[in-house]
Amino acid sequence: MEETRDFIRQIIDEDVKQGRYGGRVHTRFPPEPNAYLHIGHAKSILLNYRIAQEYGGKFNLRFDDTNPQKESAEYAEAIKEDLRWLGADWEDREFYASDYFEQLYVWAEKLIEKGKAYVCDLSPEEISETRGKAIRDGDRVITPPGTDSPYRERSVEENLELFRNMRAGEYADGAKTLRAKIDMAHPNLNMRDPVMYRILHAAHYRTGDAWCIYPTYDWAHGQCDAIEGITHSICSLEFENHRPLYDWFLEQLGVHHARQIEFARLNLTHTVMSKRLLLRLVREGHTDRWDDPRMPTLIAMRRRGYTPEAIADFMNRVGVSKSESVVEHALLEHCVRQDLNLRAPRRLAVLDPLRVVITNYPEGQEEMFDAINNPEDPAAGTRKVPFSRELYIEREDFMEDPPKKYFRLAPGREVRLRYAYFIRCEEVVKTPDGRITELRCSYDPTTRGGDAPDGRKVKATLHWVSARHAVCGVARLYEHLFGVENPLKVEEGQDWIDNVNPEALVTVPDCMLEPSLAEVEPGQRFQFERKGYFCVDPDSRPGAPVFNRTATLRDTWQKLRARNAT
Ligand code: ATP
Ligand code: MG
């Protein structure tokens, strides 16, 4: 089958065919180190990285670190860790906009000399007022012209002197800016004499106190691509109306000019994905830091048990396009389930234990059963699971008065214990106030291994753990961070933060786990049979493991798809 190329690859195919940029392909991922990365960033990373790979080109990691007040080495390190995890290897191609501050400064002087930039004394508020804004006129959006700054006609000499004084630290923060001299009536607001430099007496995490003027993102971005010889500057749609400005800067400077290609950001239901919003969740304590498994950050998804392969598969299925859309969170879960199904070893774990005593099983006796580690992977082999007179089963696997379609254990009914025997419930033991504390059951020794020689059938197979051998652990179960599909859709006067689901985390303290789960390492993943995929949390202690549920076994994506198909 012929593969259909997405629009970005079609553009690059054509560039390569035409021999533009000498047939080279060189991409980059340009994060600002001011927060942890989220799953949306993974889209950009994988897209840029894969394209470089596919065309035999290069891939740069470039920190666009032009804003000292919000950036830190901690964030930069975390970003690198995320790229490593995703497998986007930038080799030694690690760059920093802050390494180009001198070059950017030199280029700014060049624009001043050409009469294309000027020092302006207007305050940020005055600048934004005089630039004007877009207004709605019926169905149209119009942008009435702005007004020129009174400082616009300063001479080249005066501008050069003032700009050098700015660099030398002679003015207070915000007292002056350097602005490009373009067109205050331009229909694109970004072209109305945008700010190139602002005064900020703030230490930068890399350049320290070397600078007290900092380039704006608009002034830095295109030139950074130029310095690195980037051929295809792939970015999200919000940069589309900045492109004319980038083009203008590069033309004025007469330097290498990457082709910018915009694509629609990834949006997901039931979560938010902008750094600003994620910062608020963390700062106000709605989640427990950036790596809280409820967060859509990569560090959190890793802790939750997501695999980079599942994320890559997800991005493939979502594809790239020019039009905004919102992807079902269920698709992401579907992808991790598919991946873990193939490789997560199965284990028996009872999350809500109910004691079962097998009355006809000799006290003190125990035996071992062979349990299959992974039915999808015969090479994963088997392990031994101990069986004894007292067991735990899942409380929800028993009903005293079962409705019609309930086939699990009930008084007088027989079920299979996975890998072991058929058992029949003979008696229910309760506290005076009616809470069930124990089931007394009998077992049929002829059903050893799970089948009856007389051919009789049971309708349910339950997981279980031997009480004497059980390891006690904690399970953390997660729901969507937001109960609603679009948390940002709120009524006037309402706050989106109120859509946070307070029950998105349920901690289950006394789970009973098969003994092989006593010794586990953080990051190890398992399927607890019938309960879902779980990943060992770093909070685990020897003999006291903590597990995060990555995903349940229920595939809501399949259901959604089936519903949409009919
Ligand atoms: P946010 O808007 O989420 O706060 P950002 O765009 O400010 O993030 P940057 O560090 O500037 O964060 O992002 C680095 C790159 O990641 C940018 O090129 C941006 O286009 C891309 N990116 C950010 N969010 C998404 C997303 N949801 N889907 C795809 N790409 C994204
Ligand atoms: Mg951005």
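What's counted below: heavy atoms across the whole structure, side chains too, no hydrogens, waters or symmetry copies. When a residue number appears, it is its place in the shown sequence, counting from 1.
Between Arg383 and Asp370, none of the side-chain N atoms (NZ, or NE/NH1/NH2) sits under 4.0 Å from a carboxylate O, so this pair counts as no salt bridge. A salt bridge links Glu54 and Arg9; the closest N-O separation between the charged side-chain nitrogens and carboxylate oxygens is under 4.0 Å. The pair Glu262-Arg243 counts as a salt bridge, with a side-chain nitrogen and a carboxylate oxygen less than 4.0 angstrom apart. Under the 4.0 Å criterion applied to side-chain N and carboxylate O atoms, Arg265 and Glu238 are assigned as salt-bridge partners.
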- Taking it one step at a time, do Glu240 and Lys322 satisfy salt bridge (Lys or Arg N to Asp or Glu O under 4.0 Å)? CA-CA 11 Å; Glu240 198 164 26; Lys322 273 263 181 203; 3.7 Å; yes
- Verify salt bridge (Lys or Arg N to Asp or Glu O under 4.0 Å) between Arg24 and Glu228, making sure each step is shown before the conclusion. CA-CA 13 Å; Arg24 283 189 312 119; Glu228 293 173 15; over 6 Å; no
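A cation-pi arrangement, defined by a distance under 6.0 Å to the six-membered ring centre and an angle within 45 degrees of its axis, is absent between Arg28 and Phe95.
With a 4.5 Å cut-off on side-chain heavy atoms, Ile311 and Leu298 count as touching.
Screening residues 279-288 for salt bridge (charged side-chain N to carboxylate O under 4.0 Å, His left out), with sequence neighbours left out, gives Arg280-Glu284, Arg280-Asp495. Under the salt bridge (charged side-chain N to carboxylate O under 4.0 Å, His left out) criterion, the residue pairs touching residues 293-304 are Asp82-Arg302, Asp291-Arg303, Asp292-Arg294, Arg303-Asp537, Arg303-Asp539, with sequence neighbours excluded.
With sequence neighbours excluded, no residue forms a side-chain hydrogen bond (donor to acceptor under 3.5 Å, both in side chains) with Asn67. For the side chain to side chain contact (heavy atoms under 4.5 Å, CB included) test, residues two or more places apart in sequence or in another chain that qualify with Met273 are His38, Ile39, Leu266, Leu268. By the side chain to side chain contact (heavy atoms under 4.5 Å, CB included) test, His242 is found to be paired with Asn190, Asp218, Tyr246, residues two or more places apart in sequence or in another chain being considered. Partners of His26 according to the ring-ring contact (aromatic ring centres under 6.0 Å, His included) rule, which considers only residues two or more places apart in sequence or in another chain, do not exist here.
At distances below 3.5 Å, not a single donor-acceptor pair connects side-chain atoms of Asp64 with backbone N or O atoms of Glu32. Side-chain atoms of His204 come within 3.5 Å of backbone N or O of Asp65 as a donor-acceptor pair. Remark: side-chain polar atoms of Tyr205 are not paired, donor with acceptor, to backbone N or O of Glu74 under 3.5 angstrom. Distance alone, capped at 3.5 Å, is enough to place a donor-acceptor pair between the Arg198 side chain and the Pro215 backbone. Here the side chain of His480 pairs no donor or acceptor atom with the backbone of Phe482 at under 3.5 angstrom. Formation of a donor-acceptor pair under 3.5 Å by the Ser540 side chain with backbone atoms of Val546 is found in this model. Checked by atom type and distance alone, the side chain of Tyr306 never pairs as donor or acceptor with a backbone atom of Ala300 at under 3.5 Å. A donor-acceptor pair is defined here as one N or O able to donate and one able to accept, closer than 3.5 Å; no such pair exists between the side chain of Ser98 and the backbone of Thr207.
Between Asn501 and Gly483 the shortest heavy-atom distance is CB-N, 3.9 Å. Between Phe63 and Ala76, the closest heavy-atom pair is CZ-O, 3.7 Å.
A donor-acceptor pair shorter than 3.5 Å can be found between the side chains of Tyr392 and Arg355. A side-chain N or O of Ser466 and one of Ser388 form a donor-acceptor pair less than 3.5 Å apart. A donor and an acceptor atom, one from each side chain of Tyr36 and Glu81, are nowhere located under 3.5 Å apart.
For the side chain to side chain donor-acceptor pair (under 3.5 Å) with Tyr533, the qualifying choice from Arg525, Gln527, Arg337 is Gln527, the only one to do so. A side chain to side chain donor-acceptor pair (under 3.5 Å) with Arg530 is found for one member of Thr552, Thr461, Asp397 and no other, namely Asp397.
Between Trp464 and Phe387, the ring planes are perpendicular. Angles over 60° get that label, and only those under 30° would be called parallel. In this pair, Phe59 and Tyr49 present their aromatic rings perpendicular. The plane angle is above 60°, beyond the 30 to 60° band.
Between Leu47 atom CG and Ile8 atom CD1 the span is 4.5 Å, to the nearest 0.5 Å.
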